[in-house]
2 protein chains.
Amino acid sequence: MRSIPHTESFPAHTPAASQVFTTVLSHGPLTRLEVARRAGLSAAAVTKAVRPLIGAGYLTEGADEDAPPALGRPANLVRVDGGRALFIGVKVTGDEIIGVLTDLCCRIRVARHVPLTDRDPRAVLASISDLAQELRTEADELGIQVVGLGLAVSGDVDRGEGVVRYSPFLEWRDVPLAELAAMTTGLPVTVDNDVRALTVAEQWFGAGAGLTDFAVVTVGAGIGCGLVVHGRVVAGAHGVAGEIGHVVVDPAGPRCHCGNRGCVEAIAGDAAIVARVREVTGVQVADTLEAVALAHRGDAGAREVYARAGDAIGRGIATVANLLGPERVIISGEGLAAYDLFAEQIRDSFAEAAFGSAARCDVRTRPLPFDEWARGAAATAIQSFIRAAD
Amino acid sequence: MRSIPHTESFPAHTPAASQVFTTVLSHGPLTRLEVARRAGLSAAAVTKAVRPLIGAGYLTEGADEDAPPALGRPANLVRVDGGRALFIGVKVTGDEIIGVLTDLCCRIRVARHVPLTDRDPRAVLASISDLAQELRTEADELGIQVVGLGLAVSGDVDRGEGVVRYSPFLEWRDVPLAELAAMTTGLPVTVDNDVRALTVAEQWFGAGAGLTDFAVVTVGAGIGCGLVVHGRVVAGAHGVAGEIGHVVVDPAGPRCHCGNRGCVEAIAGDAAIVARVREVTGVQVADTLEAVALAHRGDAGAREVYARAGDAIGRGIATVANLLGPERVIISGEGLAAYDLFAEQIRDSFAEAAFGSAARCDVRTRPLPFDEWARGAAATAIQSFIRAAD
DNA sequence: TTCTTTCATTGACGACGGAAAAGAAGGCAT
DNA sequence: ATGCCTTCTTTTCCGTCGTCAATGAAAGAA
């Protein structure tokens, strides 16, 4: 979180105002009274907090058209005007960067992706700037100002300082990305870990809205996990948290790139699945798509590999549930394309390995469009924008 | 947390006052300025918060006798007057109850334990009442009032409601223990899970003081874990949290009473160790004491069993570290008597299984006197006493 | 029309914490 | 000794925030 340039500031100067706004943001149109109830404030406080926000155009007011006629004065719903401001979210991977233009409600307006050929910070920065500029042009056409840029990078990221401490995929160490991007784009920049960014998006705009304790598990090339405890995203004292991918579920399992054996990722990560399918079936599948196709054609060996992956993921989730007791676990990720192949096994293994009431945790899935990661980045930018007032 | 009877109330009506008091409580005597710095308040606010607390006798003021003479006006240290109020903490196990009388600084003044023959809630309640009465007599002799009672029970406990939802060892279900104990003792009663209570004690008075993210791991008959994330003890949405004992570290391991294989507890719990030592060595050791003795005499088989237990615990801790990235892990428990037997293996396995920077987590041990569990219960009572003002 | 119900607003009020300045209590230098 | 300096502490003033309780507004119901 760093905001050198001044674009536009959010008029929520009090804790109550912030709380009111985020309540409306996460829980759709609400009456002022309902907002008060949810935010634990008095109705008067809400009225006062809402006024300047409506004045500045961030909130709008309107009756609920299709509401059943009820007794008493009709309610006036307060909602966020998504079109009041735009944000850019960019996810940087090892070989491409994905950018989205979202509104204040984190709805994607435009999505773009460009390949990345050079991982040098300066080259990546240039690509980010170009993409951001392109999206700003789109924003200009909509006639709405872009007021924040969020960047999501995998690895150890210090959001507070805006520094990428270490990113294995990009081979970066201590890159002050927020500062650099702020200089080239002139926007307030927020940098965060990709999984945490996705978790923020779920917390504010997704299946985690309103929950104080939940987990997001991403299945794909790597297996990641974002945790929300006591209503806040867990960052870890040393920058590491949510490393469900490197939880060991079988000490006798295959070796992982982290040096251990039987990590979840070493069994259920894309590379592991492809390698194992080749090994078991003898078919030289090139990637997950082919592996999935093989399994879908009914190949017993391939299906077995997916079942084992599901088992590993289910055990990993059970471990999270046993330790933290979240209300919900949201499974997402590119790997979800193969979800039918391991869904059952995930549930079975989870139910088996979850201890006592931990099994009551609501495990659900959520499709992950290719631009969802970038949307997560935008969500962090929105978060910073709203909190910048503090 | 429930306080039907009115004994005495704590005069901290503002958030700042609470924060100031807990800061002084956790960080020993401090100057007002230092308190302000640590609590994130202005010096003026501290002065104002401290006055009524001194007036009510909870805080005292005094110069630091053995301080090196420094420039400027000498500092006036503020400290908690431990003798201002007493608390009773009781840990209820399946076969005995342990009670302690502590002061406001959670220093143990008197400790007692009595065997428990009947696990029926009424019988247990009677024993608790008797023990509490006995300790109150001691308190009367000291001329200090007892202002709170804390009860620690293993299992699923709802602290907010003061209800023991389910305790396997006691075979209790939905026992409104706080209400019952409040009626018979006339004291405000706090009921909490035993491991969480111990964690509260560490957070306020032990190795967790000042940390916002740490874990307490208890090694003994069971393997438990208390977690503090974002400065608050994790309770779990469904009452379950910190079940490190049922994290599976080896799917091919021995069967656990929970139904799975290779849980940490099934490898490193007291019963598991005794059983395994018998199996490996052929010596029919009766309990952990004999098993430890055998290992200390150099029996290779027994030592191997302990090493394996250490490995399981180390892996379990690594899992916690990978998921939450705590600043510190505090290992404690009755099993610590055998610590020399598995310490090395815990460290090795932790270092091996911890991912990246998670290994930087400070893993330390802390001896656990027999009455420490009860002290944890007292700590929760102290916490409730201070917070009751809110 | 008037009452009832529910939602929303207003204005007075009190509490809380911060800023800044003054005060207090010592050492140190001249 | 006297005054200055440093550091800790207190005081006073003030702005902010959020609640309370009363009032207003907008419907349907009697």
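Chain naming here is simple, since letters A, B, ... match the order of the sequence lines and numbering starts at 1 in each.
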Using a heavy-atom cut-off of under 4.0 Å over every strand shown, decide if B/T47 touches base, sugar-phosphate, or nothing. base
Test: B/R84 cationic atom under 6.0 Å from B/Y58 six-membered ring centre, within 45° of axis: yes
Calculate the interatomic distance between B/N76 atom CG and C/dA25 atom P; express it in whole Å. 9 Å
Pick base, sugar-phosphate or nothing for B/L33, based on heavy-atom distances below 4.0 Å to the nucleic acid. base
When all nucleic acid strands are considered with a 4.0 Å heavy-atom cut-off, which category describes A/A44: base, sugar-phosphate, or nothing? base
Using a 3.5 Å distance criterion without hydrogens, assess whether the side chain of B/S18 forms a donor-acceptor pair with backbone atoms of B/P15. no
A/R73 has its side chain closest, among D/dG18, D/dT11, C/dT6, to C/dT6
Please give, in whole Å, the distance from C/dA8 P to A/L77 CG? 8 Å
Run the salt-bridge test on B/R32 and B/E61 with the 4.0 Å N-O cut-off and return the result as yes or no. yes
Starting at atom CG of A/L71, determine the distance to atom C1' of D/dG28, rounded to an integer number of angstrom. 6 Å
Is there a donor-acceptor pair closer than 3.5 Å between any side-chain N or O of B/R196 and the backbone N or O of B/V157? yes
Between D/dG18 (P) and B/H13 (NE2): distance, integer Å: 21 Å
Mind listing the side-chain donor-acceptor pairs of residues 226-234 of chain A below 3.5 Å, one per line with the distance, residues two or more places apart or on another chain?
unit_1 : atom_1 : unit_2 : atom_2 : d
A/H230 : ND1    : B/V229 : O      : 3.0
A/H230 : NE2    : B/V233 : O      : 3.4

Using a 4.0 Å heavy-atom cut-off across all strands, classify A/A45 as base, sugar-phosphate, or nothing. base
Go nucleotide by nucleotide along DNA chain C from the 5' end; which of A/E34 and A/G72 gets its closest nucleotide reached first? A/G72
Tell me whether the side-chain N or O atoms of A/K48 pair up with the base of D/dT19 as donor and acceptor below 3.5 Å, since no angle test is needed here. yes
Given that A/P74 and A/L41 both sit by DNA chain D, which one's nearest nucleotide is further toward the 5' end? A/L41
Can you tell me the distance, in whole Å, between the CZ atom of A/R32 and the P atom of D/dA26? 13 Å
May I ask you to verify if any side-chain N or O of A/T14 is less than 4.0 angstrom from the OP1 or OP2 atom of D/dT16? no
Base, sugar-phosphate alone, or nothing: which one does A/T31 contact when heavy atoms must sit under 4.0 Å apart? sugar-phosphate
According to a strict under-4.0 Å criterion, is A/R37 in side-chain N/O contact with OP1 or OP2 of C/dC7? no
